[in-house]
Amino acid sequence: MPEELTSNYRSARRWSRVGSVALYAVSALVVALVLARTVGGVSAHGPRAAAALVPEAVSELPLVAATVLLAEFLRHVGGTGAPFGRAQRVRLLAASLTIAAKSVLDVALPLVARWALDAAGLPTADAARPSVDPVNVVMMVFLVCLAVLIRYGAALKEDSDAFL
């Protein structure tokens, strides 16, 4: 391997490991914050507050799952140095699907929370409104396109290996 290529390869592996650790840390932080907010809110405002807090907490779970999948993608690149392969494509597509699930939950769960608050006799004015975050849509499209590029890269690698 030429020296520049070797240097770029080592840098990519190093930054993939750093990115993986950072994504795992973000996942852990989000879980801790969601738990603290939910438990703290319920203990401060009583069990009826769970009608608003639990759906909000549940809507963050797909984002945590997507972040862990992306961390695994980077961990695999940093550990083996192999960005291509079926498992890598599956991780990216699964992350895209979990972000799609978050978008669905972002629309459905506020409606459930409003219903639960209304049923509990609590005011619904402060309940979250259903919405879709455009960043989630952008990330879904990006991850699907990246999965297609990974597939193309795997095909190029196989073709290149056939010449050697």
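In what follows, every heavy atom counts, from backbone to side chain, and hydrogens, waters and symmetry copies are set aside. Since the model is a prediction, treat every value here as computed from it, not as a measurement. When a residue number appears, it is its place in the shown sequence, counting from 1.
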If I take atom [atom1] from residue [X] and atom [atom2] from residue [Y], how far apart are they, to the nearest 0.5 angstrom?
| X | Y | atom1 | atom2 | value |
| --- | --- | --- | --- | --- |
| Arg10 | Leu5 | CZ | CG | 11.0 Å |
| Arg75 | Leu69 | CZ | CG | 12.0 Å |
| Leu70 | Met139 | CG | CE | 6.0 Å |
| Thr98 | Asn136 | OG1 | CG | 9.5 Å |

Note to self: Arg89: which residues meet the side-chain hydrogen bond (donor to acceptor under 3.5 Å, both in side chains) condition with it, sequence neighbours left out?
What the structure shows: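 Applying side-chain hydrogen bond (donor to acceptor under 3.5 Å, both in side chains) to Arg89 gives none.
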Note to self: Under the rule for side-chain hydrogen bond (donor to acceptor under 3.5 Å, both in side chains), what residues qualify as partners of Asp106, not counting sequence neighbours?
What the structure shows: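 Expected list: Lys102.
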Examine [X] and [Y] and state if one hydrophobic cluster contains both, with Ile, Leu, Val, Met, Phe, Trp and Tyr joined whenever side-chain heavy atoms are less than 4.5 Å apart.
| X | Y | value |
| --- | --- | --- |
| Val68 | Phe73 | no |
| Leu74 | Val21 | no |
| Val26 | Val64 | yes |
| Met140 | Val138 | no |
| Leu61 | Ile99 | no |

Check: Which residues, ordered by chain and number, are linked to Val39 in its hydrophobic cluster, where ILVMFWY side chains connect at heavy-atom gaps below 4.5 Å, directly or through other members?
Finding: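 Via sub-4.5 Å side-chain contacts, Val39 links to none.
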Margin query: Suppose we screen for salt bridge (charged side-chain N to carboxylate O under 4.0 Å, His left out). Which residues come up paired with Arg14, at least two apart in sequence or across chains?
Written below: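 Expected list: none.
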Notebook entry, point to check: Who passes side-chain contact (heavy atoms from CB on, under 4.5 Å) against Ala71, sequence neighbours left out?
Noted result: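 Ala71: side-chain contact (heavy atoms from CB on, under 4.5 Å) contacts with Ser20, Leu23, Tyr24.
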[X] versus [Y], closest heavy-atom pair with distance:
| X | Y | answer |
| --- | --- | --- |
| Ala66 | Ala95 | CB-O, 3.8 Å |
| Gly78 | Ser16 | N-CB, 3.6 Å |
| Gly85 | Ala154 | N-CB, 4.3 Å |

Check: Just wondering, do Asn8 and Glu4 contact through their side chains at under 4.5 Å, heavy atoms?
Finding: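 Glu4 reaches Asn8 side chain to side chain.
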Kindly list each side-chain donor-acceptor pair under 3.5 angstrom involving residues 143-153, sequence neighbours excluded, with atom names and distances?
none

Next item on the list: Look only at the side chain of Ser7 and the backbone of Glu3, and say whether a donor-acceptor pair between them is shorter than 3.5 Å.
Entry: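 Such a contact is absent between Ser7 side chain and Glu3 backbone.
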